[in-house]
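Throughout, protein chains are lettered first and strands after them, A, B, ... in sequence-line order, and every chain is numbered starting at 1.
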Protein chains: 2
Amino acid sequence: MSSIESPSAGQGRLMASGQRRLRLYVTMGQRLLRDSLLFQILLHDEVELVGESETGVATLNRLKRATPSVLLIEENLQDNDGLTIAEHALAVNPSLSVLLISDTPVSSGRMAIYLEAGIKAVVSKDQPVQELIKTLFYIRNGQVYVGNWQQEPAPAAMLAYQALSGREREVAQLMASRLPVRDIAGRLGVSCKTVHSYKDRIFVKLGFERLPELILFMQRHQHGAAE
Amino acid sequence: MSSIESPSAGQGRLMASGQRRLRLYVTMGQRLLRDSLLFQILLHDEVELVGESETGVATLNRLKRATPSVLLIEENLQDNDGLTIAEHALAVNPSLSVLLISDTPVSSGRMAIYLEAGIKAVVSKDQPVQELIKTLFYIRNGQVYVGNWQQEPAPAAMLAYQALSGREREVAQLMASRLPVRDIAGRLGVSCKTVHSYKDRIFVKLGFERLPELILFMQRHQHGAAE
DNA sequence: TTAGCGGTGTAGGAACTTCCTACAGCAGTG
DNA sequence: CACTGCTGTAGGAAGTTCCTACACCGCTAA
């Protein structure tokens, strides 16, 4: 079976040139968060999960064998604190990119300490998932990410919504109510393909990549205008 | 354009008969968990998010207007405890199904208290996401779910893996490594459609519904056999 | 004032996924 | 021996993501 390897190939579809696989290790106490985060993260096919554990010591034990390029670790672990573990990990492998997840928004004082320790970024549990994901991909090649770790309430998407054209909003609303594309097309009197085009443009404008994002956003937008 | 409404239609695809929309309200302090859980939950298109909040009082204020059928609420809220809020909510609307998310596994004593209070199910943050989702759908019509709130380590999927046939395991492994279907087909010398069939059967056997579940499972299986 | 630029409405193609059906062979079992 | 169920194989229908195309319209800068 020497078979059919396409030569350039690698990862199917088109893949940004320099992007190597992101080898991820996750240390997080609670399964629920770990799982649901991983589902999000593994949606991106350049990510490979090379290990996970619930405690700091388990992490340190496994880290040398797993050879991750990024470590995603909670600040508050059952047995230790993430910063300490991260420091140990960095002592062994300085090229590791560490993303710390803190329970609360970080003060700039804390942030300075973290950066000093060689941590590449910090995301608080009060931030949206996409923020975490974005950060994860940002730091993967060793860059430091000091993004909006200060809050920034979230006008981003709301503003973006303003930028939708009339037709785009119609489609966004209908899609959020889970009407199948065919029915949306029928209702608007255009072809399915056109509806898809709208969807694509909406995604670009709002920065989404998958339908559930749009649905969550729109459903929040509907009940949550009052939020 | 009176257009093309298919008559029976409703929700596209085929929809289990009695299944009405699940109107969901979520009360959860941290955005990260709330978001990533919602992305999972909204994958199921019978779910409609009718509201969410971070605190107990906000929940009580909005609950009457949102008219959810299911309330997903954390046990430990910043301002209150979930049980109390749930009791208030149930006093107003006894037909509400409440699913409580506890930080730690619940003892049977606690469980009794919860059930007494009219809560339909409890899921701990140490359980896998699918457990939460399953529970959510289970209680949606008012049933009580006392599933395996005791742990049950997780042999379920592992056992299921044993049940895969040789060819199925091959495919599962290749898919987990993110090889595109076409390449898998080439490598195994069969048609793409056949590979899809394997995938379908794997999903049925392991109880999965989406590719990321398989990927997470297999990647855990690979590094984590030693877990 | 005209040429160019960007946004909007429209649509098609390629590749892939999910869901469902079909069927032949083999193995076990009543 | 016939029936049942699992395994390997494959096709169809519909939906999704990603990308390209193009006409029209209005604004701006030469």
* Asked: Nearest nucleotide by nearest heavy atom, which residue falls closer to the 5' end of DNA chain D, B:Ser191 or B:Leu164?
  -> B:Leu164
* To do: Using heavy atoms to find the nearest nucleotide of DNA chain D for B:Arg167 and A:Glu209 separately, return the residue whose nucleotide is more 5′.
  => B:Arg167
* Between D:dG15 atom P and A:Arg178 atom CZ, what is the distance in whole Å? -> 15 Å
* Can you tell me the distance, in whole Å, between the OH atom of A:Tyr198 and the P atom of C:dT8? => 10 Å
* To do: Quick one: closest heavy-atom pair of B:Gln130 and A:Phe39, and the distance?
  => NE2-CZ, 3.4 Å
* **Contact under 4.0 Å: B:Arg182 side-chain N or O vs C:dC16 OP1/OP2** => yes
* Rounded to whole angstrom units, what separation is found between the CG atom of A:Asp200 and the P atom of D:dT16? -> 11 Å
* **Spacing between A:Phe208 atom CZ and D:dC18 atom C1', to the nearest angstrom** => 18 Å
* **B:Lys193 side chain, from C-beta outward: closest of C:dA14, D:dG11, D:dT16** => D:dG11
* Determine: side-chain N/O of B:Ser165 to OP1/OP2 of D:dC6, distance under 4.0 Å, yes or no. => no
* Structure fact -> Out of C:dC19, C:dT8, D:dT16, minimum distance to the side chain of A:Lys205 belongs to C:dT8
* Asked: With respect to the side chain of A:Arg201, which nucleotide from C:dC16, C:dT17, D:dA21 is positioned closest?
  -> D:dA21
* Structure fact -> Of B:Val98, B:Leu100, B:Ile41, B:Leu38, the one forming a side chain to side chain contact (heavy atoms under 4.5 Å, CB included) with B:Leu72 is B:Ile41
* Sugar-phosphate, base or nothing in reach of B:Ser197, heavy atoms under 4.0 Å -> base
* Assign A:Thr194 to base, sugar-phosphate, or nothing according to its heavy-atom contacts below 4.0 angstrom with the strands shown. => base
* Asked: Is any side-chain N of the basic residue among A:Arg31 and B:Glu131 closer than 4.0 Å to the acidic one's carboxylate O?
  -> no
* Asked: Tell me: CD1 of A:Ile184 to P of D:dT16, nearest whole Å?
  -> 9 Å
* **Whether A:His221 and A:Tyr161 hold their rings parallel, tilted or perpendicular, with breakpoints at 30° and 60°** => tilted
* Asked: Between A:Arg178 and B:Glu48, is the closest basic N to carboxylate O distance under 4.0 Å?
  -> no
* Asked: Whole Å only: how far is the CG atom of B:Asp183 from the C1' atom of C:dC16?
  -> 13 Å
* Roughly how many Å is it from CD in A:Glu213 to P in D:dT16, rounded to a whole number? -> 15 Å
* Asked: Of the candidate nucleotides C:dT10, D:dA10, C:dT17, which contains the atom at the shortest distance from the side chain of B:His196?
  -> C:dT17
* **Atom pair distance, as rounded to whole Å: CD1 in B:Ile202 and P in D:dG8** => 10 Å
